[in-house]
Colleague: 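First, the structure itself, so that you have it in front of you.
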Amino acid sequence: MDAKRPNSPRGRSPKDNVRRLQGRLRDVAKQQPGRKFHALYDRIYRSDVLCEAWNQVRRNQGAAGVDAQTIAAIEQDGVERFLEAIQAELRENEYQPQAVLRRYIPKADGKQQRPLGIPTVRDRVVQAAAKLVLEPIFEVGFQDCSYGFRPGRSATQALEKIRVTVNRGFNYVLDGDIRDFFGNIAHAVCLSLVARKIADRRVLKLVKQWLEARVMEDGLETTKLSGAPQGGVISPLLSNIYLGFLDSVWGKRCADLGVLVRYCDDFVVLCKTEKDCREAERRVRKLLGEIKLELHPKKTRRVDLGWGKQGIDFLGCHLRKRFSGPIWEKSRKRVYFLQRWPSTKSMKRIRQRVKDMTSRSRCHRDPRDVIAGLNPVLRGWGQYFRTGNAADKFSEIDRYVWWRLKRLRIQRKGRHLKPGEARRWDLSYFQALGLYTLGGTVAYPEAA
């Protein structure tokens with residue numbers, strides 16, 4: 001059950017109160033673009049804001065931090081008491097974040113690992129409360145080219161923006177990769193960018209504490225001189241504030257060179273000529289240098305999408321132009337349109353996930369139980385990629401899932417498998433047991 005607080009005298013719920021607060025902050029920031037906000041700290045520890053912050057953290061679940069305190073344990077001990085303790089610490093200016101627990105997850109290439117920082121549940125609640133207050137102030141100033149971790153924006157919108165722009169003749173692409181973005185965020189630069197809008201010293205102190213939080217790895221605590229924990233609730237907002245500098249300057253000074261599309265630290269610049277693409281790369285390197293970042297020399301490249309000669313991978317998709325047969329048949333014109341489908345890495349990851357969930361050790365499980373575990377994975381993966389040209393890739397995955405499930409049935413039968421018995425275990429057999437299939441689920445979005 002969500003944490004609850006008494007409604008206001010006017011009958012509004014805590015969530016409604018927080019939305020009203022955010023609306024007021026957003027309106028002021030929009031009407032007065034140059035304004036700095038002073039009295040924000042007391043809003044962060046308001047009971048309704050902390051309540052809504054807790055509900056968000058609870059919905060996201062997540063592991064315990066260095067204190068080993070779980071969400072379930074907090075609910076058992078009493079959420080209200082937990083939030084009152086946080087409120088008291090903040091009100092008395094006694095709040096100090098604990099160390100961030102370092103964990104690693106495999107990167108897309110499977111060879112390297114990405115470091116994640118897991119704050120304690122307590123710190124995640126305070127970060128979520130701060131984000132509720134700060135986000136509407138900064139959101140109104142973010143540029144349209146930014147799509148990552150913003151209300152009402154998505155990866156699909158970014159991909160659609162690329163599709164529409166390339167189909168207008170912007171075939172030369174700077175496919176940018178920032179070297180270790182989260183690890184190289186300069187604390188002083190980040191704080192100065194936050195301070196452009198926020199003048200409340202206590203809020204700035206909070207942000208500084210999170211940036212400078214110690215990291216615990218293998219039982220030892222270390223201090224990070226730069227970087228922001230990738231995994232903190234506040235980190236996506238800070239990353240957008242940080243790279244908002246690139247967005248803003250590009251829009252003011254460099255828009256004539258090409259169209260910038262950014263999703264967190266992944267970005268492309270779409271240009272009409274090769275010359276513009278080269279100049280775009282030079283400008284991007286210069287702008288990133290001003291905020292202590294650099295492009296990865298081996299992963300950043302310039303690509304020509306014209307005539308389907310090359311393609312790029314972006315946000316898990318492979319984007320490449322394909323020849324339009326219907327237009328050729330109708331007018332004998334060679335026309336190419338940008339299409340997208342799951343990248344090779346994305347296909348490899350979903351196959352590995354299916355393989356792990358259909359290992360030989362599960363052959364004695366009821367196939368309905370195995371399917372019940374597979375379905376959410378397949379449905380979530382399919383919903384992300386279904387807005388492209390993924391029909392062929394979806395069919396590949398359907399066949400692979402069927403083959404893995406059929407293999408489980410054969411392994412279960414072992415020596416008792418009768419001749420020809422396996423033939424009846426076709427795709428429709430597993431669909432009858434409830435298997436979710438990707439075929440027929442492609443749905444094209446409206447143009448960006």
Side-chain angles (χ1 to χ4, degrees), residues 19 22 26 56-57 59-62 108 114 128 131-132 134-168 170 173 175-178 181-182 230-244 246-248 250-251 259-270 311-320 337-343 345-347 349-350 376-391 393-394 397 436 438 441-448:
R19 284 179 175 172
Q22 290 179 311
R26 186 181 300 110
Q56 290 185 4
V57 170
R59 283 195 296 270
N60 292 333
Q61 291 298 312
R114 184 187 306 279
K131 184 182 177 185
L132 286 170
L134 297 179
E135 187 172 60
I137 295 172
F138 286 97
E139 177 63 28
V140 296
F142 289 152
Q143 304 298 306
D144 287 342
C145 63
S146 169
Y147 292 87
F149 305 106
R150 293 182 57 191
R153 298 207 145 212
S154 67
T156 298
Q157 290 175 333
L159 292 164
E160 277 296 286
K161 179 65 176 180
I162 294 172
R163 182 183 68 83
V164 172
T165 304
V166 169
N167 285 339
R168 286 170 42 217
F170 289 73
V173 181
D175 184 8
D177 187 284
I178 300 174
F181 168 66
F182 281 96
Q230 190 173 357
V233 178
I234 199 73
S235 296
L237 176 60
L238 293 181
S239 71
N240 275 330
I241 293 172
Y242 205 90
L243 289 176
L246 170 65
D247 302 340
S248 179
W250 187 270
V259 177
L260 173 66
V261 179
R262 183 177 66 80
Y263 191 96
C264 194
D265 58 324
D266 293 324
F267 72 92
V268 294
V269 181
L270 312 170
I312 60 170
D313 285 352
F314 190 69
L315 300 180
C317 293
H318 183 72
L319 296 91
R320 183 182 291 264
F337 292 107
L338 190 72
Q339 297 187 0
R340 66 176 182 267
W341 52 86
S343 67
K345 291 180 180 178
S346 297
M347 292 290 286
R349 282 199 296 272
I350 189 62
V377 174
L378 296 171
R379 187 176 289 110
W381 190 84
Q383 285 177 346
Y384 180 80
F385 289 107
R386 73 191 184 108
T387 58
N389 310 88
K393 299 298 182 181
F394 279 11
I397 298 303
Y436 176 84
L438 298 168
T441 63
V442 171
Y444 299 100
E446 295 181 1

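On a predicted model such as this, the values are computed, not experimentally measured, just so you know.
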Colleague: Supply the atom-to-atom distance Lys393 NZ to His318 NE2, rounded to the nearest 0.5 angstrom.
Modeller: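 Those atoms lie 9.0 Å apart.
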
Colleague: Could you check whether the rings of Phe181 and Tyr242 sit parallel, tilted or perpendicular, using 30° and 60° as the cut-offs?
Modeller: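 Rings of Phe181 and Tyr242: perpendicular, over 60°.
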
Colleague: Are Asp247 and Arg262 close enough for a salt bridge, meaning some N to O gap below 4.0 Å?
Modeller: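 Salt bridge flag = yes for Arg262 with Asp247.
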
Colleague: Please state whether the rings of Trp381 and Phe385 are parallel, tilted or perpendicular, taking 30° and 60° as the class boundaries.
Modeller: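 Ring orientation, 0 to 90° scale: tilted.
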
Colleague: Under 3.5 Å, is there a donor on one side chain and an acceptor on the other for Arg340 and Thr387?
Modeller: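 Thr387 and Arg340 do have a side-chain donor-acceptor pair below 3.5 Å.
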
Colleague: Are the side chains of Asp265 and Leu243 in touch, meaning some heavy atoms are under 4.5 Å apart?
Modeller: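 Yes, close enough: below the 4.5 Å cut-off.
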
Colleague: Run the side-chain contact (heavy atoms from CB on, under 4.5 Å) test on Phe182 and Ser235 for me, step by step, so that the C-alpha distance in whole Å, both residues' side-chain angles and the decisive distance to 0.1 Å come before the verdict.
Modeller: CA-CA 9 Å; Phe182 281 96; Ser235 296; 4.3 Å; yes

Colleague: Run the salt-bridge test on Arg320 and Asp313 with the 4.0 Å N-O cut-off and return the result as yes or no.
Modeller: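 No, this pair does not count.
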
Colleague: Mind checking whether Phe170 and Ile162 have side chains closer than 4.5 Å, heavy atoms only?
Modeller: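 No, every pair of side-chain atoms sits at 4.5 Å or beyond.
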
Colleague: Can you find a heavy atom in the side chain of Gln56 that is under 4.5 Å from one in the side chain of Val233?
Modeller: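 No, every pair of side-chain atoms sits at 4.5 Å or beyond.
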
Colleague: Would one find more than 12 heavy atoms of other residues, nucleotides or ligands at under 6.0 Å from atom CZ of Arg153?
Modeller: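 Yes, enclosed.
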
Colleague: With no hydrogens and no angle check, is any side-chain donor or acceptor of Glu139 less than 3.5 Å from a backbone partner on Arg150?
Modeller: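 Pair absent, no side-chain N/O of Glu139 close to backbone of Arg150.
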
Colleague: Would you indicate whether the side-chain heavy atoms of Glu135 and Pro151 approach each other to under 4.5 Å?
Modeller: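 Side-chain contact under 4.5 Å: yes.
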
Colleague: Rounded to the nearest 0.5 Å, what separates atom CG in Leu338 from atom OG1 in Thr165?
Modeller: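 OG1 of Thr165 is found 10.0 Å from CG of Leu338.
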
Colleague: Working to the nearest 0.5 Å, report the span between CZ of Arg163 and CZ of Arg168.
Modeller: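 Those atoms lie 12.0 Å apart.
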
Colleague: What closest approach, in Å, do Val57 and Ala128 show between heavy atoms, and which atom pair accounts for it?
Modeller: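 Heavy atoms of Val57 and Ala128 come nearest at CG2-CB, 4.1 Å.
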
Colleague: Within the structure provided, determine whether Ile350 and Val377 are in side-chain contact (heavy-atom separation under 4.5 Å).
Modeller: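 Yes, at least one pair of side-chain atoms sits under 4.5 Å.
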
Colleague: Could you tell me which non-hydrogen atom of Pro342 sits nearest to which non-hydrogen atom of Ser346, and how far apart they are?
Modeller: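 The answer is CB-CB, 4.3 Å.
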
Colleague: So, do Tyr147 and Lys161 sit near enough that their side-chain heavy atoms are less than 4.5 Å apart?
Modeller: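 The answer is yes; the side chains approach within 4.5 Å.
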
Colleague: Just verifying a value: how many Å separate Asn240 CG and Ser146 OG, rounded to the nearest 0.5 Å?
Modeller: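 With rounding to 0.5 Å, CG (Asn240) is 4.0 Å from OG (Ser146).
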
Colleague: Does some side-chain heavy atom of Cys317 sit less than 4.5 Å from a side-chain heavy atom of Ser343?
Modeller: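 Result no, sub-4.5 Å side-chain heavy-atom pair not found.
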
Colleague: State the CG-CZ distance between Leu238 and Phe138, to the nearest 0.5 angstrom.
Modeller: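 Result: 8.5 Å between the selected atoms.
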
Colleague: Give a yes or no answer on whether the side chain of Gln157 reaches the backbone of Ser154 with a donor-acceptor pair at less than 3.5 Å.
Modeller: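 Yes; judged by distance alone, with no hydrogens or angles, the pair exists.
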
Colleague: May I have the step-by-step check of side-chain contact (heavy atoms from CB on, under 4.5 Å) for Val166 and Phe337, ending in yes or no?
Modeller: CA-CA 8 Å; Val166 169; Phe337 292 107; over 6 Å; no

Colleague: Under 6.0 Å between ring centres, would you say that holds for Tyr263 and Phe314?
Modeller: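 No, the ring of Tyr263 stays outside the 6.0 Å limit from the ring of Phe314, centre to centre.
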
Colleague: Under a 3.5 Å cutoff, is there a donor and acceptor pairing between the side chains of Thr441 and Arg386?
Modeller: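 Side chains of Thr441 and Arg386: no pair found under 3.5 Å.
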
Colleague: Kindly compute the distance separating CG (Leu315) from OG1 (Thr156), expressed to the nearest 0.5 Å.
Modeller: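 Going from the CG atom of Leu315 to the OG1 atom of Thr156 covers 9.0 Å.
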
Colleague: Hey, are the side chains of Leu260 and Phe267 touching, using non-hydrogen atoms and a 4.5 Å cut-off?
Modeller: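 Yes, close enough: below the 4.5 Å cut-off.
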
Colleague: Minimum heavy-atom separation for Gln22 to Leu132, with atom names?
Modeller: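 Closest pair (atom of Gln22, atom of Leu132, distance): NE2-O, 3.0 Å.
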
